[in-house]
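Data first, discussion second: the structure below is written as C-alpha cells.
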Amino acid sequence: MDLSDNNKPSDTCLELVLKVRIQSPKENDFIEIELKRQELSYQNLLKVSCCELGINPEQVEKIRKLPNTLLRKDQDIRRLRDFQEVELILMKNGSSELTEYIPSLTERPCYNSKAAKMTY
C-alpha cells in the first residue's frame with residue numbers, strides 16, 4: 001500500500017479512475033471519474049458516470065468497456081483497471097433500440113456549400 005508523508009493511504013490506492021463518455025459519433029471526448037475501490041459495483045459505476053455526464057441512469061441501455069466488451073455485473077466492474085475507457089450507450093427515446101446517428105450532408109466535414117449550389 002502506498003503511504004504518503006502523513007502515513008495515510010494515497011488516493012490512488014483507494015480510488016479507481018476511469019475514462020467515461022457517452023457513445024456519440026459527434027463527440028468522442030472522455031471525462032475521468034473516480035470510484036471508491038471498496039464500492040465497485042455496476043450500480044455505482046452507472047450512478048457516478050451519469051451524475052458526472054449529466055444524464056439520467058434510466059437513459060442508459062448498456063455500458064461498454066472499449067473497444068468491445070459489455071459490462072453486465074459487479075464482477076466485471078471489479079476487474080477494471082485505472083484509466084480504462086468506458087462508454088455509455090443510451091436508449092433511443094426510452095426504447096431499447098440503439099441510437100443511430102447519420103450526419104446530414106451539411107454536417108460532414110468535406111461538404112462544400114458553393115459546389116452544392118452549382119449546376120452542371
Side-chain angles (χ1 to χ4, degrees):
M1 185 187 290
D2 292 337
L3 296 176
S4 61
D5 293 328
N6 56 5
N7 290 332
K8 291 182 183 176
S10 70
D11 287 343
T12 56
C13 281
L14 300 176
E15 293 180 334
L16 173 68
V17 179
L18 296 173
K19 296 168 62 175
V20 180
R21 72 178 180 193
I22 297 171
Q23 180 190 36
S24 169
K26 284 183 137 185
E27 184 64 50
N28 61 1
D29 291 335
F30 290 90
I31 64 167
E32 290 182 355
I33 65 166
E34 297 83 22
L35 297 174
K36 293 181 180 174
R37 290 190 188 272
Q38 68 270 22
E39 297 175 12
L40 289 179
S41 68
Y42 183 91
Q43 285 302 318
N44 196 35
L45 171 61
L46 179 64
K47 182 182 83 167
V48 173
S49 299
C50 289
C51 181
E52 293 282 341
L53 291 166
I55 60 173
N56 187 331
E58 286 143 20
Q59 293 176 278
V60 178
E61 179 178 4
K62 297 177 186 178
I63 301 177
R64 176 185 296 137
K65 179 182 82 170
L66 295 177
N68 59 5
T69 304
L70 288 180
L71 301 174
R72 304 171 294 128
K73 54 191 175 189
D74 292 349
Q75 186 175 1
D76 296 342
I77 308 308
R78 287 191 292 270
R79 283 193 290 264
L80 293 173
R81 298 291 169 242
D82 279 326
F83 300 103
Q84 283 192 294
E85 296 176 346
V86 175
E87 185 172 71
L88 303 183
I89 302 157
L90 303 183
M91 288 187 227
K92 183 178 181 181
N93 299 329
S95 74
S96 62
E97 295 177 31
L98 286 176
T99 304
E100 288 292 327
Y101 174 80
I102 300 170
S104 70
L105 185 61
T106 58
E107 293 175 298
R108 292 182 189 157
C110 61
Y111 178 71
N112 183 337
S113 60
K114 290 181 183 174
K117 294 176 184 169
M118 295 177 69
T119 57
Y120 296 95

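Excluded from the calculations below are hydrogen atoms, water molecules and symmetry mates; all remaining heavy atoms, backbone and side chain alike, are included.
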Going by heavy atoms in the side chains, are I33 and L16 under 4.5 Å from each other? no
Who pairs with E85 by salt bridge (Lys or Arg N to Asp or Glu O under 4.0 Å), at least two apart in sequence or on another chain? K19
For the NZ atom of K65 and the CG atom of D76, what is their distance to the nearest 0.5 Å? 8.5 Å
If you group Ile, Leu, Val, Met, Phe, Trp and Tyr by side-chain heavy-atom gaps below 4.5 Å, do V17 and I77 land in one group? no
Side-chain donor-acceptor pairs of residues 38-49 under 3.5 Å, sequence neighbours excluded:
unit_1 : atom_1 : unit_2 : atom_2 : d
S41    : OG     : N44    : N      : 3.0
N44    : ND2    : E39    : O      : 3.0
S49    : OG     : L45    : O      : 2.7

Any side-chain heavy atom of L70 sitting closer than 4.5 Å to one from I63? no
Side chain to side chain contact (heavy atoms under 4.5 Å, CB included) partners of E87, counting only residues at least two apart: R21, Q23, R64, L66
How far does CZ of R78 sit from CG of L35, to the nearest 0.5 angstrom? 13.0 Å
For S24, give me all partners under side chain to side chain contact (heavy atoms under 4.5 Å, CB included), at least two apart in sequence or on another chain. K26, E27
Counterpart residues, side chain to side chain contact (heavy atoms under 4.5 Å, CB included), relative to N68 (two or more places apart): none
Is there a path of hydrophobic side-chain contacts, each under 4.5 Å between heavy atoms of I, L, V, M, F, W or Y residues, that connects V60 with L53? yes
With sequence neighbours left out, what residues match D74 under salt bridge (Lys or Arg N to Asp or Glu O under 4.0 Å)? none
Linked, directly or transitively: I31 and L71 (ILVMFWY side chains, under 4.5 Å): yes
Contact check, side chains of C50 and N56, non-hydrogen atoms, under 4.5 Å: no
